[in-house]
Amino acid sequence: MKFLEYAGIDAINSALVFETAECRVYGRVEPYSCKAAGADKKLYKQIEIKYDPSNSPPDEDGSGSSFRNIISPFGPLDQPASRRTLFYLIGTLNASFPDYDFSDAKPEQFRKEPSVSMVVNSVNATLLNHGNDRAVKELRIWDSIDNLIDFQDSDVYSYNPESDSDPNDEEGGGTLWSFNYFFFNRKLKRIIYFTMRGVSHGVPSEDGDDFSDMSDDDTGFGHRRRGLRYDDYVVGEMDMM
């Protein structure tokens, strides 16, 4: 997976690192191309060996591998497209957390979310409940993300790892909450990884943290065809003005 450089991403990520009375919040948005690098090719081969029915012994009735009957969040694992989606998400995690190896992540640890709008509202609620209305209302982070991924043609997946393998709990119990979302556009072959965690004040802060820096840097991204406006994805009674 190749990290994509975009003007304005640093300003957005700076606004997603902040402090509240309850916790310190660390968030980031990372765009990736689904172009495979050297390590990705090894991961893809591992996934194919593990889940491709042609690489597994047949069932007792001779009908084929038991993986044929597994319905993952990506679809039946006997289908190449389903295995490829699993590969993309695990590859994104490996790229985002280079000190970890997610090769053994299981399909059932991922979930396909019902809709983009539900995820947008969930993240907005988290930010607003923690007093960060700037990221939502001023920076309008969803406009920038939509410019990158095109919500209309995207699926959203979440990753819910086991506690002992959660990279968002590096403090060993200091993480109070966290989420991991992947906005995946198959046509563009692009993924936006959006992760955030709240860490207890009892845990020493990370080196280089500066919660006082909430600059108003420009957040302009390269423009391309727009889908629905940000407001069209925000439903319910949330006042965005």
Distance in Å, Leu16 CG paired with Leu127 CG, rounded so as to fall on 0.5 Å steps: 6.5 Å

Closest non-hydrogen atom pair, Leu77 against Pro107: CD1-CG, 3.9 Å

Plane angle bin for Tyr32 and Phe3 - parallel if under 30°, tilted between 30 and 60°, otherwise perpendicular: perpendicular

Nearest-0.5 Å distance, CE of residue Met196 to CG of residue Asn132: 7.5 Å

Sub-4.5 Å side-chain heavy-atom contact between Leu89 and Ile191: yes

Straight-line distance of Ile141 CD1 to Asn124 CG, nearest 0.5 Å: 6.5 Å

Heavy-atom closest contact (Gln46 atom, Ser103 atom, distance): OE1-OG, 3.5 Å

Closest non-hydrogen atom pair, Asn180 against Pro161: ND2-CD, 4.4 Å

Check: Asn147 and Tyr6 side chains under 4.5 Å, non-hydrogen atoms: no

From CD1 (Ile9) to CG (Leu4), nearest 0.5 Å: 9.5 Å

From SG (Cys23) to NE2 (His201), nearest 0.5 Å: 6.0 Å

Donor + acceptor pair across side chains of Arg28, Tyr26 (<3.5 Å): no

Exercise: identify the closest heavy-atom pair between Arg197 and Ser178: CB-CB, 3.8 Å

All pairs passing salt bridge (charged side-chain N to carboxylate O under 4.0 Å, His left out) where residues 80-93 contributes a residue, at least two apart: Glu48-Arg83, Asp52-Arg83

Mutual orientation of the aromatic rings belonging to Phe151 and Trp142 [parallel < 30°, tilted 30-60°, perpendicular > 60°]: tilted

Close side-chain approach of Tyr181 and Ile192, heavy atoms under 4.5 Å: no

Salt bridge (charged side-chain N to carboxylate O under 4.0 Å, His left out) pairs, two or more places apart, involving residues 96-109: none

Glu30 side chain reached by Thr195 side chain, heavy atoms, under 4.5 Å: no

Atom of Met118, atom of Pro114 and distance for their closest heavy-atom approach: SD-CB, 3.5 Å

ring-ring contact (aromatic ring centres under 6.0 Å, His included) between Phe74 and Tyr157, intermediate numbers included: CA-CA 9 Å; Phe74 326 110; Tyr157 297 92; 5.4 Å; yes

Min side-chain heavy-atom separation Phe102-Tyr159 under 4.5 Å: yes

Aromatic ring pairing Phe18/His130, orientation class (parallel under 30°, perpendicular over 60°, tilted between): perpendicular

Side-chain touch Val25/Trp177, heavy atoms, less than 4.5 angstrom: yes

With sequence neighbours excluded, residues passing side chain to side chain donor-acceptor pair (under 3.5 Å) with Thr92: none

Side-chain heavy atoms of Ser82 within contact of Tyr51, under 4.5 Å: no

Shortest non-hydrogen contact between Ile149 and Phe183, atoms and distance: CD1-O, 3.5 Å

Geometric cation-pi criterion, Arg111 with Phe179: 6.0 Å, 45°: no

Note, Leu86 side chain near Phe110 side chain (heavy atom, < 4.5 Å): yes

Salt-bridge present (Asp155, Arg186; N to O < 4.0 Å): yes

Distance (rounded to the nearest 0.5 Å) between Leu148 CG and Asp143 CG: 11.5 Å

